[in-house]
Amino acid sequence: MLRGMRLLLLILLKLKESFIAKFGSAPKFYVRAPGRVNLIGEHIDYCGYAVLPMAIEQDILIAVEPVKTEIVQLANINSSYLDFSTSVNNIQINKTKPQWHNYFLCGLKGIQEHFGLNNPTGMNCLLDGTIPPSSGLSSSSALVCCAGLVTLKANGKTLSKVKLAEICTKSERYIGTEGGGMDQSISFLAEEGTAKLIEFSPLRATDVRLPSGAAFVIANSCVEMNKAATSHYNIRVMECRLATKLLSKSKSLDWKKMLRLQDVQAGLGVSLEEMLTIVEEVLHPEPYSTEEICKCLGISLEELRSQILSQNTQNVSTFKLYQRAKHVYSEAARVLEFKKICSEAPDNAIQLLGELMNQSYISCKEMYECSCPELDRLVDICLQFGAIGSRLTGAGWGGCTVSMVPTDKLNTFLKNVKKAYYQNDGQSKTK
């Protein structure tokens, strides 16, 4: 703990020196938001279901000086991220180019709109970050959270952590990502020494004590994937939304009001296991064309596009509904089982948790199709060298894996995975 504090102080001193060199004056305060690793519960927060992440030490730090002009000046310690400045009264967020400063503007705009700030404070801001970009460890959401907190402090406002998380979740959607709230929630609600079960509607976080005798190891596939720069993520969100509509209509629910797969379960008052049976009965494994979806719902293509689909999924012609719904309902059940095992702590807890992580990975790969060859290879290597469970974490299509490794095998595991994945294929990879 003391070592970590000393290291943070050294980083802040270096950030202060860089700030003075950049802006000619000292920062007035600093804001920090951590990244996160999701242990289990992938792609289900935006469906209304609980997830189980924990914060990591990698973070985003921002040094801030409020100024008497209306200009926000943003700079980054990493020179590959270009400086940016704009008026606080004219925030424009470019969805087509998700550059780093746009994530800051999301958090800024969210706080501005929440409080109805007519004349918000200008600021000089210098950012430093240790979360690898596009790695599935929530670098973008941590930046949005940091920016929200910066704007709050600079304008002399206060909010609860829960409210801040809710605002930052909504404001990240300004960049076009239809996220569910896990990343922002754990960034604000995390506590040292515990993972959290994050539940939604209403947002709440419950401590989950992980078993002793095992470590969770994050390994980077070194394949970058930016959620806002591709349509993969939002297509999955829309497939879940369309599955919600078709399931609702088949069960005579008010399908037009239903947005999330959890809404269907709540509307029917049935278990997750029963929902999986209903998916088998109602949806077919073959992809649905937009024409078939329109026919099932009794709407026109124009209505489908204007009332249901997001802007960047307007031209998608086929959707896999059966597979996505199967993943969501089974993954939601795995999260609850994971929490139950951690609470009850049976003698074979590590084995049971590992099996759940492996099942989650298979479902992500086969049902949700959000893996990639490099992630598949990295998971195989981790399991080969002693991980009890291993899975992709984050959105997928690149980024990181998380593996549960017995502590007595940890050093050997690290050495072997480093050799097999990072040194053995002739490529230069950075962990």
Side-chain angles (χ1 to χ4, degrees), residues 1 4 32-59 131 135-139 141-142 145 161-162 164-165 169 179-200 202-220 331-346 348-361 363-364 379 382 387-396 399-407 410 413:
M1 181 74 175
R32 174 183 180 268
R36 63 97 189 97
V37 59
N38 192 24
L39 300 181
I40 196 162
E42 225 58 75
H43 287 280
I44 64 173
D45 57 340
Y46 55 75
C47 296
Y49 284 110
V51 290
L52 214 153
M54 62 181 176
I56 56 176
E57 62 183 23
Q58 286 76 11
D59 57 18
I131 309 170
S135 63
L137 301 177
S138 195
S139 58
S141 294
C145 291
K161 289 182 178 182
V162 167
L164 260 171
T169 297
M182 168 177 63
D183 301 346
Q184 300 82 1
S185 301
I186 193 64
S187 195
F188 283 118
L189 303 176
E191 294 179 73
E192 188 177 6
T194 182
K196 294 279 187 178
L197 180 76
I198 304 285
E199 298 170 275
F200 304 96
L203 176 60
R204 56 207 184 279
T206 306
D207 288 358
V208 177
R209 297 288 170 185
L210 300 170
S212 58
F216 288 90
V217 180
I218 301 167
N220 195 344
E331 185 79 345
R334 283 187 286 271
V335 170
L336 298 180
E337 184 63 18
F338 196 102
K339 163 72 164 58
K340 182 169 176 270
I341 292 165
C342 288
S343 299
E344 295 177 355
N348 61 341
I350 292 172
Q351 192 65 42
L352 294 173
L353 296 178
E355 288 170 9
L356 288 172
M357 291 176 72
N358 293 334
Q359 290 167 18
S360 171
Y361 165 66
S363 185
C364 284
V379 165
C382 289
I388 303 297
S390 187
R391 58 182 297 279
L392 63 84
T393 185
C400 292
T401 62
V402 60
S403 301
M404 188 168 62
V405 184
T407 48
L410 185 58
F413 172 85

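We use all heavy atoms of the structure for the numbers below, so side chains are in, but hydrogens, waters and symmetry mates are not. In what follows, residues are counted from 1 in the order of the sequence shown.
A distance of 7.0 Å separates CG of Leu39 from OG1 of Thr393, quoted to the nearest 0.5 Å. Expressed to the nearest 0.5 Å, how far CD1 of Ile350 lies from CD1 of Ile341 amounts to 11.5 Å. Residue Cys47 holds its SG atom at 8.0 Å from CG of Asp45, rounded to the nearest 0.5 Å. The CD atom of Glu337 lies 9.0 Å from the CG atom of Leu353; values are rounded to the nearest 0.5 Å. To the nearest 0.5 Å, atoms CG (Leu189) and OG1 (Thr206) are separated by 10.5 Å. Residue Lys339 holds its NZ atom at 9.0 Å from CG of Asp207, rounded to the nearest 0.5 Å.
Looking at heavy atoms from C-beta onward, Arg36 lies out of side-chain contact with Ser187 at the 4.5 angstrom threshold. Contact of the Leu356 side chain with the Ile40 side chain is registered, since non-hydrogen atoms from C-beta on lie closer than 4.5 Å. Looking only at side-chain heavy atoms (C-beta outward), Glu331 and Glu42 come within less than 4.5 Å of each other. Side-chain contact between Cys382 and Phe413: present, with at least one pair of heavy atoms (C-beta onward) separated by less than 4.5 Å. Side-chain contact check for Val51 versus Phe200: some heavy-atom pair is nearer than 4.5 Å. Residues Ser138 and Ile131 form no side-chain contact, since every pair of their non-hydrogen atoms from C-beta on lies 4.5 Å or further apart. Leu210 places a side-chain heavy atom less than 4.5 Å from the side chain of Cys342. Contact annotation: the side chain of Cys145 never approaches that of Leu164 to less than 4.5 Å [non-hydrogen atoms, C-beta and beyond].
Judged by distance alone, the side chains of Arg334 and Ser360 never bring a donor and an acceptor atom under 3.5 Å apart.
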Checklist line | Audit row: Lys161, Glu191, salt bridge (Lys or Arg N to Asp or Glu O under 4.0 Å) steps and yes/no | finding: CA-CA 12 Å; Lys161 289 182 178 182; Glu191 294 179 73; over 6 Å; no
Next item on the list: Walk me through it: do Val37 and Phe216 pass the test side chain to side chain contact (heavy atoms under 4.5 Å, CB included)?
Entry: CA-CA 10 Å; Val37 59; Phe216 288 90; over 6 Å; no
Note to self: Is there a side chain to side chain contact (heavy atoms under 4.5 Å, CB included) between Leu197 and Val335? Walk through the geometry before answering.
What the structure shows: CA-CA 8 Å; Leu197 180 76; Val335 170; 3.6 Å; yes
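The nearest pair of heavy atoms linking Ala33 to Ala142 is CB-O, 3.4 Å. Residue Met54 comes nearest to Ala195 through the heavy atom pair CB-CA, 3.7 Å, listed as atom of the first residue, atom of the second, then distance. The two residues Ser390 and Thr401 make their nearest non-hydrogen contact at OG-CB, 4.4 Å. Here the shortest heavy-atom pairing between Gly389 and Met357 reads O-CE, 4.0 Å. Between Ala50 and Ile44, the closest heavy-atom pair is O-CD1, 3.2 Å. In this structure, Pro34 and Asp59 approach most closely via the heavy-atom pair CA-CB, 3.9 Å.
Between the side chain of Asn358 and the main chain of Ile388, a donor-acceptor pair closer than 3.5 Å is present.
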